[in-house]
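Just so you know, residue 1 is the first one in the sequence shown, and it goes up from there. Just so it is clear, the values below take in all heavy atoms, side chains as well, and ignore hydrogens, waters and symmetry mates.
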Amino acid sequence: MKDYSELVQQVIDGQEDPILAYAEIKKQLDFLTKCKEQIEDHAKEEAAKFGKSFEYKGFKIEVREGGRQWNFKNIPEWQTYSKAVKDCEERAKAAYSSYEKGLNTCDENGEEVALPEVTFRKPSLVIKELKK
């Protein structure tokens, strides 16, 4: 098994190609994530035999119940308000787009539309292995 902490240090020291190292680590991470997903239910089933919290071969293990999830989509009142929020967001996005182009940011009634705050996510690096 490759020593990835050594690979990281080699990249930092300028001894290893950072793009190739990033791609290799991402590939390994994707593989390990799939492996973990395949055995997760088995591990949960086994852990349930020991109770909610226990120590096991040098690990502290906790079995936690899933949290509640709420879905309001079946409530007509929620649907009405949700649509109103979406419409408001679309008007604000359109006004911001007009603002960027130096155009008018008023709605159809001549009222100034409040502009949303805009932030940008950091750039990402997408790596896909080419099939041979």
Side-chain angles (χ1 to χ4, degrees):
M1 183 171 182
K2 189 164 192 129
D3 183 350
Y4 289 100
S5 59
E6 184 179 316
L7 177 62
V8 168
Q9 190 59 51
Q10 289 172 341
V11 168
I12 292 168
D13 294 343
Q15 300 168 344
E16 186 67 53
D17 180 335
I19 295 174
L20 188 58
Y22 184 88
E24 186 175 327
I25 291 171
K26 182 184 179 315
K27 180 180 175 182
Q28 190 67 25
L29 183 60
D30 291 347
F31 171 74
L32 290 172
T33 298
K34 288 177 186 169
C35 290
K36 183 187 80 153
E37 289 169 356
Q38 289 177 0
I39 66 169
E40 186 172 16
D41 288 341
H42 298 285
K44 287 177 184 176
E45 189 177 303
E46 186 67 21
K49 296 176 184 176
F50 294 89
K52 294 199 178 281
S53 180
F54 58 95
E55 290 184 12
Y56 184 82
K57 298 184 181 185
F59 293 93
K60 170 102 169 113
I61 310 294
E62 291 183 44
V63 178
R64 295 182 180 172
E65 297 296 322
R68 288 186 193 183
Q69 290 186 325
W70 304 87
N71 184 344
F72 304 100
K73 293 180 180 178
N74 63 319
I75 301 172
E77 181 182 19
W78 180 89
Q79 292 171 3
T80 300
Y81 289 128
S82 179
K83 183 177 180 338
V85 167
K86 287 177 185 171
D87 291 345
C88 175
E89 289 171 350
E90 288 305 314
R91 282 192 305 276
K93 285 181 198 176
Y96 190 86
S97 180
S98 294
Y99 168 78
E100 285 183 310
K101 296 173 185 171
L103 302 174
N104 185 354
T105 59
C106 295
D107 66 11
E108 59 277 353
N109 299 322
E111 305 244 348
E112 188 78 23
V113 176
L115 299 176
E117 290 182 19
V118 178
T119 58
F120 295 90
R121 292 186 288 274
K122 67 180 186 176
S124 60
L125 185 59
V126 177
I127 306 281
K128 296 181 182 178
E129 186 173 22
L130 298 174
K131 301 297 178 198
K132 297 176 182 174

If you compare all heavy atoms of [X] against all heavy atoms of [Y], which two are closest, and at what distance to 0.1 Å?
{"X": "Asn71", "Y": "Lys73", "result": "OD1-N, 2.9 Å"}
{"X": "Ala114", "Y": "Ala92", "result": "O-CB, 3.9 Å"}
{"X": "Gly51", "Y": "Val63", "result": "O-CG2, 3.5 Å"}
{"X": "Cys106", "Y": "Val113", "result": "C-CG2, 4.1 Å"}

Going only through I, L, V, M, F, W and Y residues with side-chain contacts under 4.5 Å, is there a path from [X] to [Y]?
{"X": "Phe120", "Y": "Leu115", "result": "yes"}
{"X": "Phe50", "Y": "Phe59", "result": "yes"}
{"X": "Val85", "Y": "Trp78", "result": "no"}

Answer yes or no: is there a side-chain heavy-atom contact under 4.5 Å between [X] and [Y]?
{"X": "Leu29", "Y": "Lys26", "value": "no"}
{"X": "Val118", "Y": "Tyr96", "value": "yes"}
{"X": "Ile12", "Y": "Val8", "value": "yes"}
{"X": "Arg64", "Y": "Lys52", "value": "no"}
{"X": "Glu55", "Y": "Ile61", "value": "no"}
{"X": "Ser53", "Y": "Lys60", "value": "yes"}
{"X": "Glu24", "Y": "Lys2", "value": "yes"}

Determine yes or no for a side-chain-to-main-chain donor-acceptor pair under 3.5 angstrom, with [X] supplying the side chain and [Y] the backbone.
{"X": "Asp13", "Y": "Gln15", "answer": "no"}
{"X": "Asp17", "Y": "Ile19", "answer": "yes"}
{"X": "Glu129", "Y": "Lys27", "answer": "no"}

Note: [X]-[Y] ion pair, threshold 4.0 Å (strictly below):
{"X": "Asp30", "Y": "Lys34", "result": "no"}
{"X": "Asp87", "Y": "Arg91", "result": "no"}
{"X": "Lys44", "Y": "Glu40", "result": "yes"}

Could you grab the distance from atom [atom1] of [X] to atom [atom2] of [Y], nearest 0.5 Å is fine?
{"X": "Leu32", "Y": "Glu37", "atom1": "CG", "atom2": "CD", "result": "11.0 Å"}
{"X": "Gln28", "Y": "Thr33", "atom1": "CD", "atom2": "OG1", "result": "10.0 Å"}
{"X": "His42", "Y": "Ile39", "atom1": "NE2", "atom2": "CD1", "result": "8.5 Å"}
{"X": "Asp107", "Y": "Glu112", "atom1": "CG", "atom2": "CD", "result": "9.0 Å"}
{"X": "Ile75", "Y": "Thr80", "atom1": "CD1", "atom2": "OG1", "result": "11.5 Å"}
{"X": "Tyr99", "Y": "Thr105", "atom1": "OH", "atom2": "OG1", "result": "9.0 Å"}

Near Tyr81 OH, under 6.0 Å, is it more than 12 heavy atoms from other residues, nucleotides or ligands? no
